[in-house]
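Below is one structure, written out as structure tokens; comments come after it.
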Amino acid sequence: MLQTLAIDNYRSLRSIVVPLGQLNVIQGANGVGKSSLYKALRLLADTAAGGVVRSLAREGGLQSTFWAGPEKISRGMRSGQVPVQGTQRQGPVRLKLGFGAEDFGYCITLGLPAPSNSAFALDPEIKRECIWSGPVCRPDKVLVDRHGPAVRARTERGWQTLAEGLGLFESVLVQIADPNTAPEVLLLREKIRGWRFYDQLRTDADAPCRIPRLGTRTPVLSDDGSDLAAAIQTIIEMGDPSAVRNAVETAFPGATLGIGAEAGGRFTIEFQQPGLLRPLSGAELSDGTLRFLLLLAALLTPRPPSMMVLNEPETSLHPDLLPALARLIVQAAKSTQLWVVTHSPTLVAELRRGSEASFVELEKELGQTQVKGQGLLDRPRWHWVE
């Protein structure tokens with residue numbers, strides 16, 4: 001389980017360390033940095049898939065994602081005695097992302113390349129990358145250490161060089177695959193690749209989940225929910241069918257959910273409501289009902305990941321459905337570390353009532369995102385690799 005998430009110089013996240021638990025609820029007003037925190041976590045996931053540079057490019061490039069405020073904020077700036085202004089920068093601008101977990105910690109530092117004639121002169125470079133044992137980095141705990149293109153690993157015989165000419169645009173999690181010298185790289189890569197993010201579940205009129213689709217066993221719902229019917233049928237056959245029935249009954253009293261198989265193996269949603277003579281198909285369901293079923297399929301997965309992240313799951317849901325959603329979230333958090341990024345006070349209240357979740361409220365001061373109420377003594381232990 002991740003215990004801390006640390007980010008420096010990413011959008012409004014000038015320097016933040018977030019404590020984490022089994023169930024984490026991220027809340028705050030619009031514009032305080034919830035989306036930035038979510039995107040930073042996705043960037044960490046993209047390092048293990050070799051896509052962190054492309055992801056930054058989609059956001060406008062590294063320069064547009066850097067913290068736009070001064071390098072340091074003085075007491076005078078905080079008190080309003082002096083205006084917020086830049087000073088002579090003491091060091092290079094670096095985007096830093098990292099986490100500490102029970103088994104391994106990881107951090108990556110990205111920066112702009114030296115001036116050159118390359119057509120890719122704006123691509124960020126990986127300046128430093130480390131893996132260590134335990135949640136907090138210390139020199140004696142570092143297992144894999146990368147400086148630019150050179151990588152070394154700690155072995156029984158001391159430090160051993162793994163590579164000296166790695167590409168600066170891809171992580172060691174992609175480029176190193178030595179199970180004997182650096183098994184922690186493979187373990188961490190597979191762990192991160194297993195993280196699941198649900199923020200693009202489609203419920204519009206043309207959503208793929210509304211259309212009958214060829215079904216195969218689907219223990220993991222796709223990130224857009226296109227295989228909803230197959231995912232629910234997989235839960236019914238391989239997972240916990242009673243959990244599906246109970247969730248539907250709680251959210252829609254008297255309703256039942258089934259999956260029909262058309263000729264040719266195409267699966268379709270069959271949602272039977274009291275008073276109707278036939279079940280409704282996916283194409284006939286409201287956006288809110290369909291979204292609840294998508295979240296149900298994600299949370300009741302028979303193959304729980306090490307971490308699952310739900311971004312604004314309350315979207316399109318009537319407030320009456322939020323207690324049922326909260327119960328699903330609490331139940332899923334027993335088998336996976338779960339993040340919920342939400343604007344909904346009702347959902348937050350339901351989660352407070354039904355679990356011992358870690359509630360992280362964000363706020364902004366002089367443009368920078370902070371954890372509300374977190375003082376210097378409350379900040380989790382964290383050390384960036386120098």
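All figures in this text were calculated on a predicted structure; none of them were measured in a lab.
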Check this for me: does any side-chain nitrogen of one of Lys372 and Glu365 sit under 4.0 Å from a carboxylate oxygen of the other? no

salt_bridge(Arg42, Asp199) N-O dist < 4.0 Å: yes

Using only atom types and a distance under 3.5 Å, with no angle test, would you say the side chain of Thr218 pairs donor to acceptor with the backbone of Val220? no

Any heavy-atom pair between the side chains of Leu257 and Ile269 that's under 4.5 Å? yes

Is there a side-chain contact between Glu262 and Thr268, using heavy atoms and a 4.5 Å cut-off? yes

Kindly state whether the ring of Trp195 and the ring of Phe99 have centres lying under 6.0 angstrom apart. yes

Are the aromatic rings of Phe292 and Phe252 close, with centres under 6.0 Å apart? yes

Would Asp287 and Arg210 count as a salt bridge (Lys or Arg N to Asp or Glu O under 4.0 Å) here? Give the steps. CA-CA 10 Å; Asp287 287 359; Arg210 294 185 180 276; 2.8 Å; yes

Donor-acceptor pair, Arg266 side chain versus Arg213 backbone, under 3.5 Å? no

To the nearest 0.5 Å, atom CG of Leu112 lies from atom CD of Gln63 at 5.0 Å

Reported OH-to-CG distance for the pair Tyr198 and Asn311, which is rounded to 0.5 angstrom: 14.0 Å

Run the salt-bridge test on Lys34 and Glu312 with the 4.0 Å N-O cut-off and return the result as yes or no. no

Could you check, using the six-membered ring where one of them is a Trp, whether Trp384 and Trp132 have ring centers closer than 6.0 angstrom? no

Salt bridge (Lys or Arg N to Asp or Glu O under 4.0 Å) assessment of Arg352 paired with Glu350: CA-CA 5 Å; Arg352 284 189 185 278; Glu350 290 294 333; over 6 Å; no

